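A short worksheet on the structure shown next.
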Amino acid sequence: MKLNLTLFREEIDSFEGCLRGTTGNRTYQSSKSTKKLVDADHKIYFLKTEARPPKWLKFIESYVSSKETEHLSNHTSSALILLKVTTHEGPRFFGMSAGFGHHFINKDNIELNFGLITALNSVDPAKIRTVDSKKLGVQTLQKREASNLETKLGEFGFEFDSEILHIVSGTCIDDTLGARIGGSDSLNLHTRLTFEELPEKCATLFKRYRSDAYKQAFSFIDHVKQEKNSRIKQLLDEQLLDALNNRRSTSHISVAYPDQIDYNECVSYLISGKGRSSIVDEVTLQRIYDYVGQEKLTTDDLKKIRIFGLDDLDSKSKRTEIEPLYAYLTHEAELNGKRYILSNRRWYEVNSDYLEELNRDLKLSVQLSKTPALPPWRRTQNEKLVWVHDEGDYNKECSTNPDFLLLDRKLYSFGAGRGRSKVEVADLFHLASAKLLCVKKLSSSATLNHLLAQATVSAELFSDMEEYRERFLSSVAKHWKIPKPDRDFIHNLKFVYVIGTEKSNPLLEQLPVFSKVMLMKHIRLLQRARFGVELTQVLMTEDHAQPIAVTSPPKQAPAKKAPRRRAKP
């Protein structure tokens with residue numbers, strides 16, 4: 001059978017503490033057990049629902065006779081078994097769900113990552129079948145991979161330096177435990193089991209959960225560990241509230257859709273909880289600020305403000321679970337010299353040794369660009385007469401110097417079947433230094449990820465597509481009225497990440513942790529493709545002074561160098 005098991009936190013001391021409250025849509029009843037378990041107390045809860053016609057029936061019912069559809073109905077039966085089991089550390093509560101019985105569980109009171117840690121301590125490292133992973137940060141990316149053959153984690157597309165494991169499953173290393181095991185917060189185990197053996201199995205699995213055997217093959221998961229100390233989480237939440245109440249919009253705070261919702265199925269979202277509701281096309285930080293208005297948020301508001309997706313056919317029909325605002329927020333904070341990240345209602349501590357190693361690798365891997373000299377990043381007025389640090393205006397200001405070619409918003413289009421129909425090579429090109437500049441202001445990790453990808457996509461196309469190379473070389477020749485450079489010119493190119501900041505302290509100190517992780521990843525990709533890569537920080541100024549003059553080197557292509565061999569990635 002498939003055992004779906006949840007462990008409740010140590011301080012939970014009653015069956016009632018394991019359960020969610022009942023509502024009109026969620027009611028359950030406790031059964032009267034006819035037997036007792038040895039060394040364990042238990043309760044069994046059932047959910048019975050009335051038979052209802054399927055939702056899709058309304059769509060076709062006028063085209064078929066009622067006699068043909070009167071027997072069509074959906075009926076769901078679910079159960080939840082709660083057990084108080086004596087473990088080697090004392091009594092603990094477990095929940096085993098069947099059907100939709102997991103909906104009865106109070107998820108605020110469960111032991112997070114119980115399933116993942118137990119699975120990693122029990123799975124054969126060479127016999128993994130499925131992996132769910134995600135990148136943390138203000139842009140949370142999730143993916144699932146499955147293999148038709150049992151294999152090692154390294155054979156999946158899992159990126160050890162930039163992702164965390166969310167779910168893993170595979171063959172048990174000990175067949176007396178079961179056949180297959182996997183999990184995240186809850187544990188899934190395929191095993192032969194009778195009801196009487198359930199307490200002993202729970203105690204065995206708890207002992208595996210408390211083991212550190214995973215460190216032999218999966219020690220990297222300790223780079224980012226879930227914070228469980230309630231006082232620390234409270235202090236971190238206070239920092240989050242401070243950022244929200246000051247309406248900050250920086251690279252350290254943003255919105256990411258929770259794991260539990262399928263946002264691709266929604267066309268709009270409803271925000272409520274402050275005595276009013278608002279329907280938005282997508283959930284963003286600015287949409288949250290617009291909804292809150294001038295009010296100050298409290299800790300209760302993080303749970304009281306609710307968001308859910310709406311059906312594309314009926315604006316009143318829920319498409320997703322109702323989730324609190326807290327589930328949508330991501331934030332990076334520092335407390336007592338440690339770095340923490342909020343993602344999907346959970347705070348994670350970033351291991352300090354891992355962070356030091358990351359900073360060391362970045363300093364060794366990327367040079368700070370000294371040429372070309374760039375003007376300060378001044379404020380300009382947009383169409384709403386608001387003063388902003390506009391990237392497009394900054395690029396145009398740089399291009400007034402004759403040594404720069406403006407490439408911003410000049411997309412290279414290719415025919416059907418190319419996969420990438422429109423690509424921006426870079427924002428600027430400086431001829432004398434043979435540098436392609438990709439420019440962004442430090443405002444959010446999402447925009448930084450776009451900046452980093454811009455360079456690697458362009459580098460890939462330079463390596464693989466002759467048409468792309470030729471069109472760029474032609475634009476260089478046309479702009480400076482020089483003979484078109486030959487192909488060897490491409491091998492001398494460098495990509496420069498130009499990042500505008502409002503603070504003058506070093507750029508690497510300002511970047512969020514997982515922006516650093518992504519920066520390191522893209523640096524390695526560019527270096528593997530045999531392109532140089534540099535980093536430049538430009539201070540965004542509040543005055544309206546004239547830009548700093550840029551010394552103009554001669555308008556000629558750099559001397560040709562012997563082409564370097566390309567290593568295969």
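Values in this document were obtained by computation on a predicted structure and should not be read as measured data. Residue numbers start at 1 and run along the sequence shown.
Remark: the Gln286 side chain and the Asp290 side chain contain an N/O donor-acceptor pair separated by less than 3.5 Å. In this model, no donor atom of one side chain and acceptor atom of the other lie less than 3.5 Å apart for Tyr394 and Asp427.
Taking a 6.0 Å sphere around NZ of Lys274, one finds it holds more than 12 heavy atoms contributed by other residues, nucleotides or ligands. More than 12 heavy atoms of other residues, nucleotides or ligands shown are found within 6.0 angstrom of CZ on Arg248. Other residues, nucleotides and ligands contribute at most 12 non-hydrogen atoms within 6.0 Å of the NZ atom of Lys338. Counting heavy atoms of neighbouring residues, nucleotides and ligands inside a 6.0 Å radius, atom CD of Gln367 does not exceed 12 of them. Crowding of Glu295 atom CD: a count of heavy atoms from other residues, nucleotides or ligands under 6.0 Å exceeding 12. Counted within 6.0 Å of CG on Asp281, heavy atoms from surrounding residues, nucleotides or ligands total more than 12; the atom is thus considered enclosed.
Using a cutoff of 4.0 Å between basic side-chain nitrogens and carboxylate oxygens, Arg378 and Asp393 are not scored as salt-bridged. Ion pairing between Glu466 and Arg487 holds under the 4.0 Å rule for side-chain N and carboxylate O. The residues Lys304 and Asp301 are annotated as salt-bridged, a charged nitrogen and a carboxylate oxygen being separated by less than 4.0 angstrom.
Scanning both residues, Thr541 and Arg379, for their nearest heavy atoms gives O-CG, 3.5 Å. Heavy-atom minimum distance, Ala455 versus Tyr497: CB-OH, 3.4 Å.
Remark: Arg276 qualifies as a cation-pi partner of Tyr291 under the 6.0 Å distance and 45° angle criteria applied to the six-membered ring.
The side-chain contact (heavy atoms from CB on, under 4.5 Å) with Tyr340 is formed by just one residue from the set Leu235, Val513, Ile232; it is Ile232.
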